[in-house]
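Naming: A, B, ... by sequence-line order, numbering from 1 per chain.
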There are 2 protein chains.
Amino acid sequence: MPTSGISSLTLNRLSLYLRCLRGLRDEGQKRVSSLELAERFHLSAAQIRKDLAQFGEFGIRGVGYDVEQLTERLNRLLGLDRTHLILIVGAGNLGSALARFLSFDDRSFKVVAAIDNDPEKIGQMIGDVPIFGPDELGDVVRRTGAEIAVLAVPPDPAQGIYDRLVAAGIKAVLNFAPARLARDAGVPTKAVDLRIFLEELGYQMEAAALP
Amino acid sequence: MPTSGISSLTLNRLSLYLRCLRGLRDEGQKRVSSLELAERFHLSAAQIRKDLAQFGEFGIRGVGYDVEQLTERLNRLLGLDRTHLILIVGAGNLGSALARFLSFDDRSFKVVAAIDNDPEKIGQMIGDVPIFGPDELGDVVRRTGAEIAVLAVPPDPAQGIYDRLVAAGIKAVLNFAPARLARDAGVPTKAVDLRIFLEELGYQMEAAALP
DNA sequence: CCATGTGAACAAATTCACAGCA
DNA sequence: TGCTGTGAATTTGTTCACATGG
């Protein structure tokens, strides 16, 4: 019930390692050491080992890691060996783009439906993703079996919609709305605030310009 | 030359505080204490004070902070009192959406141009943002005075384009490409990897499902 | 008084350095 | 021998608690 014992930082690095490993595998490389991974992808060797060690012993001392096997284990660990269904809420610019963008080819994630309150849009498609009305929210979650909701709505309605998604049984939420949500403890929720990223760069740019 | 003395964590919270303060100001509130801010927006009072203290004394002991004045000072601190021009690189689904999405109404950020290598798109517009060809990259940066590049291209060409942007004199980069860039020390660069966010939720969902 | 600003305590994350095993 | 896995050291970030000053 706590948000899992593993930190976001570690988890995000695991995703990174996995991506690197896929590259190595596609090059036909059989084995890799933490040092080689670190050097090729600008990571830290000690940290790779620490991160992996949290989940058991993956490597062979004196040799390194088996690329195929480690790839496989990380895949399973991150739940990428099965398909997660995604519901987009808010089919504006960003929501529509995400509807097309988040169906990755490896089939770990697939967008199955979108919700919007614009009568013009309801019944239309974004690529092969159908758009439903707000009334159908709970129904769509249940019918499609969507697990992850991607919130791309204006800040004001965000909390209300979040609560309805939780009530409808959604399993996780990725929130692009620039609003601080009161989160449900049982539903992993991650905020992605694009404006904040820009503002960070804004500051760092100015700071970089000084002596 | 280091990426400024202030951590990303702090900087991102400042953005958050600023957003909350704007809300209070719009409600007509004159003063606010760190405690009130914390309670209303689910933040930590001590952390607000620590964060602000890094930049000088903003408040009045025994009283709190002047909403208007603090808003103003944070605005200036984050460089939001002037307009930052943005260049979108890669006008696919995500790039086009960002072209529309990242011009915020307060005029702190404005998208001025996009680059794409699809001959069909070159010369077209995304809203009021013109699309140019890859050859024109350096030229567009110089002509428009764009400071921030938003990279929304496939992983393979990302590094090459990044290097060209840096050479062209870009001041900061927000990278949406799922690629780990060799970053230029003088150019603040922030990675936003949407797939990694989904994978994190994927793991936490499974973890939340266990006892 | 009362809320800020801050040093000191605590917690988390990263890096170091080496023991231990293939 | 050489690289993993891991405690110990260090750095970074957060919380606590109180002296300070409007």
Side chains of [X] and [Y] only: does a donor on one sit below 3.5 Å from an acceptor on the other?
| X | Y | result |
| --- | --- | --- |
| B/Tyr162 | B/Asn175 | no |
| A/Glu200 | B/Ser15 | no |
| A/Arg107 | A/Thr83 | no |

message: So which atom in B/Thr144 and which in B/Val140 form the shortest heavy-atom distance, rounded to 0.1 Å?
response: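 The pair with the smallest heavy-atom distance is OG1-O, 2.6 Å.
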- request: In sequence, state the C-alpha distance, the side-chain angles, and the governing distance for A/Glu147 and A/Lys110, and then conclude on salt bridge (Lys or Arg N to Asp or Glu O under 4.0 Å).
  value: CA-CA 10 Å; A/Glu147 291 173 314; A/Lys110 181 165 167 48; over 6 Å; no
- prompt: Which of residues 7-27 of chain B have a heavy atom under 4.0 Å from DNA chain C?
  reply: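 Contacting residues: none.
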message: Below 4.0 angstrom, which residues in residues 33-52 of chain B have at least one non-hydrogen atom near DNA chain C?
response: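 Residues of residues 33-52 of chain B that come under 4.0 Å of DNA chain C are, in numerical order, B/Ser33, B/Ser34, B/Arg49, B/Lys50.
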- prompt: Can you give the dot-bracket line for DNA chain D, where a pair is Watson-Crick or G-U wobble with both atom distances under 3.5 Å, crossing pairs use [ ], and | marks a partner on another strand?
  reply: ||||||||||||||||||||||
Pairwise distance OG(B/Ser34) to CG(B/Leu43) - rounded to 0.5 angstrom: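 With rounding to 0.5 Å, OG (B/Ser34) is 10.5 Å from CG (B/Leu43).
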- prompt: CG of A/Leu16 to CD1 of B/Ile196: how many Å apart, nearest 0.5 Å?
  reply: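 If I round to the nearest 0.5 Å, the distance is 5.0 Å.
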task: Cation-pi check, A/Arg143 to A/Phe132: give yes when NZ or CZ is under 6.0 Å from the six-membered ring centre and within 45° of the ring axis, no otherwise.
output: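 Flagged: A/Arg143 positioned over aromatic ring of A/Phe132.
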query: Does the cation-pi check pass for B/Arg195 over A/Phe109, that is, NZ or CZ under 6.0 Å from the six-membered ring centre and within 45° of its axis?
result: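 Judged by the rule, B/Arg195 and A/Phe109 form no cation-pi pair.
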query: Any side-chain heavy atom of B/Phe41 within less than 4.5 Å of one from B/Ile48?
result: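 No, side chains not in contact.
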- request: Begin from the C-alpha positions of B/Gln54 and B/Ile6 and carry the test side chain to side chain contact (heavy atoms under 4.5 Å, CB included) through to its verdict.
  value: CA-CA 8 Å; B/Gln54 296 190 58; B/Ile6 309 297; 3.4 Å; yes
- prompt: Going 5' to 3' along DNA chain D, which nucleotides are the first and last within contact of chain B (any atom under 4.0 Å from a heavy atom)?
  reply: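 Terminal contacting nucleotides, 5' to 3': D/dG13 to D/dG22.
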query: By a strict heavy-atom criterion of less than 4.0 Å, which residues belonging to residues 63-75 of chain A are in contact with DNA chain D?
result: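 Contacting residues: A/Val63, A/Gly64, A/Tyr65.
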- prompt: Where do B/Asn75 and B/Leu18 land on the side chain to side chain contact (heavy atoms under 4.5 Å, CB included) test, with the steps shown first?
  reply: CA-CA 7 Å; B/Asn75 243 300; B/Leu18 181 53; 4.1 Å; yes
query: Is there a donor-acceptor contact under 3.5 Å from the side chain of B/Thr71 to the main chain of B/Gln69?
result: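 Judged by distance alone, no pair lies under 3.5 Å.
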- prompt: Got a sec, which pairs hit side-chain hydrogen bond (donor to acceptor under 3.5 Å, both in side chains) with one end in residues 23-33 of chain A, sequence neighbours left out?
  reply: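 Residue pairs passing side-chain hydrogen bond (donor to acceptor under 3.5 Å, both in side chains), neighbours aside: A/Glu27-A/Arg40, A/Gln29-A/Glu36.
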task: Check the pair A/Glu199 / B/Arg19 against side chain to side chain contact (heavy atoms under 4.5 Å, CB included), numbers first and verdict last.
output: CA-CA 12 Å; A/Glu199 293 184 0; B/Arg19 188 181 290 160; 5.9 Å; no
